[in-house]
Each structure stands twice: as structure tokens, then as C-alpha cells.
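This report concerns only the one structure given below.
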Amino acid sequence: MRIRAILFAFLALITWSGQAMAEVSLVMVEEKGCIWCARWNEEIAPIYPKTQAGKTAPLRRIDIKADVPSDLHFERSLRFTPTFVLMEDGQEISRIEGYPGEDFFWGVLEKMMFDAKLMQPPNGS
């Protein structure tokens with residue numbers, strides 16, 4: 001009985017607070033034959049889901065030549081591959097166009113996530 005009461009209180013708190021958790025994702029816009037997409041797939045893709053960024057914003061892939069999924073709304077057109085778009089509830093927050101290497105990617109992605117208050121900087125500030 002006590003467990004049910006605690007569970008009910010928790011669910012009520014979530015429901016009454018009116019704040020649902022936002023759905024965050026990192027959309028990778030790619031195309032067949034893109035050498036920079038292939039390089040990202042070799043260098044980043046295997047570790048991305050294991051990182052804090054990957055857990056906060058799971059990867060979602062779309063082909064640049066396909067129709068844009070109806071649940072995604074981009075601020076401007078998609079022209080380059082790869083393009084990485086940080087999305088919250090289907091709305092673009094920010095993007096990285098291109099992939100010039102691992103260090104650049106992680107640094108810019110983490111700054112995007114810090115600016116969007118999706119992650120804390122390493123020093124906690």
C-alpha cells in the first residue's frame with residue numbers, strides 16, 4: 001500500500017507540474033557517398049551513444065535527399081552533408097555544418113548543448 005501511495009504521489013507531481021521532459025535529439029543529415037559522413041561514422045559513431053552528449057541527445061539519421069520528417073522543423077534548408085542539428089521537441093536549436101574532425105565536433109557539440117542548458121560544463125559553472 002505504501003509503495004502505491006508513493007508511486008501515485010510521484011505520478012501526480014509529474015502530471016500536475018505541467019512540465020514534461022523535452023525530447024532532445026541530434027539529427028545527422030547525410031547522404032550516400034559522403035566521405036565526411038563516412039569519416040564521422042568511423043571516428044564518432046561507435047562512441048557517441050556512450051557519451052553524455054549521446055545520452056542527452058540520441059542520434060537520429062536522415063538522408064538529405066529524402067523528404068524531411070513531419071516531426072522535424074529546421075530553421076533553414078539543409079544543404080550540406082554531414083549536418084548535425086540539435087533538436088528539442090522537433091525544433092532546431094543549433095547546428096554544425098560539415099565535419100572537419102573529432103576535436104572540432106566534440107567541442108562545438110558540447111558548447112551547443114551547454115548554451116541550450118542541456119548539459120553542464122565540466123567545471124560546473
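Numbers here simply count residues along the sequence, with the first being 1. Every heavy atom of this structure was used, including side-chain atoms; hydrogens, water molecules and symmetry mates were not.
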CE of M112 to OG of S94, rounded to nearest 0.5 Å, is 3.5 Å

Would you say that more than 12 heavy atoms from the other residues, nucleotides or ligands in this model lie under 6.0 Å from the CG of D103, or not?
no

At their closest point, which heavy atom of T56 faces which heavy atom of L118, and how far apart are they?
CG2-O, 3.6 Å

State, to 0.1 Å, how close F74 and L78 come at their nearest heavy-atom pair, and which atoms those are.
CE1-CD1, 3.8 Å

From NE2 (H73) to CG (D89), nearest 0.5 Å:
10.5 Å

Which of parallel (below 30°), tilted (30 to 60°) and perpendicular (above 60°) describes Y99 and F105?
perpendicular

Between P58 and Y48, the two heavy atoms sitting closest are C-CE2, 4.4 Å

Quick check for you: to the nearest 0.5 Å, what is the distance between D115 atom CG and I93 atom CD1?
10.5 Å

Linking I/L/V/M/F/W/Y whenever any side-chain heavy atoms sit under 4.5 Å apart, do L72 and L59 land together?
no

Can you name the salt bridge (charged side-chain N to carboxylate O under 4.0 Å, His left out) partners of E43, sequence neighbours left out?
R39

Pairs meeting criterion salt bridge (Lys or Arg N to Asp or Glu O under 4.0 Å) with involvement of residues 74-87, two or more places apart
R76-E97

Scan V29, L109, L26 and name whichever one has a side-chain contact (heavy atoms from CB on, under 4.5 Å) with F84.
L26

Of all heavy-atom pairs linking A57 and S25, the shortest is CB-C, 3.8 Å

Report the distance from atom CE of M28 to atom CD1 of I44, rounding to the nearest 0.5 Å.
10.0 Å

Shortest non-hydrogen contact from P49 toward K55:
O-CG, 3.7 Å

How close do N41 and R61 get, heavy atom to heavy atom, and via which atoms?
OD1-NH2, 2.8 Å

Once you round to the nearest 0.5 Å, how far does CD1 of I62 lie from OG1 of T81?
11.5 Å

Honestly curious: do F104 and F114 fall in one hydrophobic cluster under the side-chain, below-4.5 Å linking rule?
yes

Answer yes if V108 and W36 sit in the same cluster of Ile, Leu, Val, Met, Phe, Trp and Tyr residues linked by side chain heavy atoms under 4.5 Å apart, and no otherwise.
yes

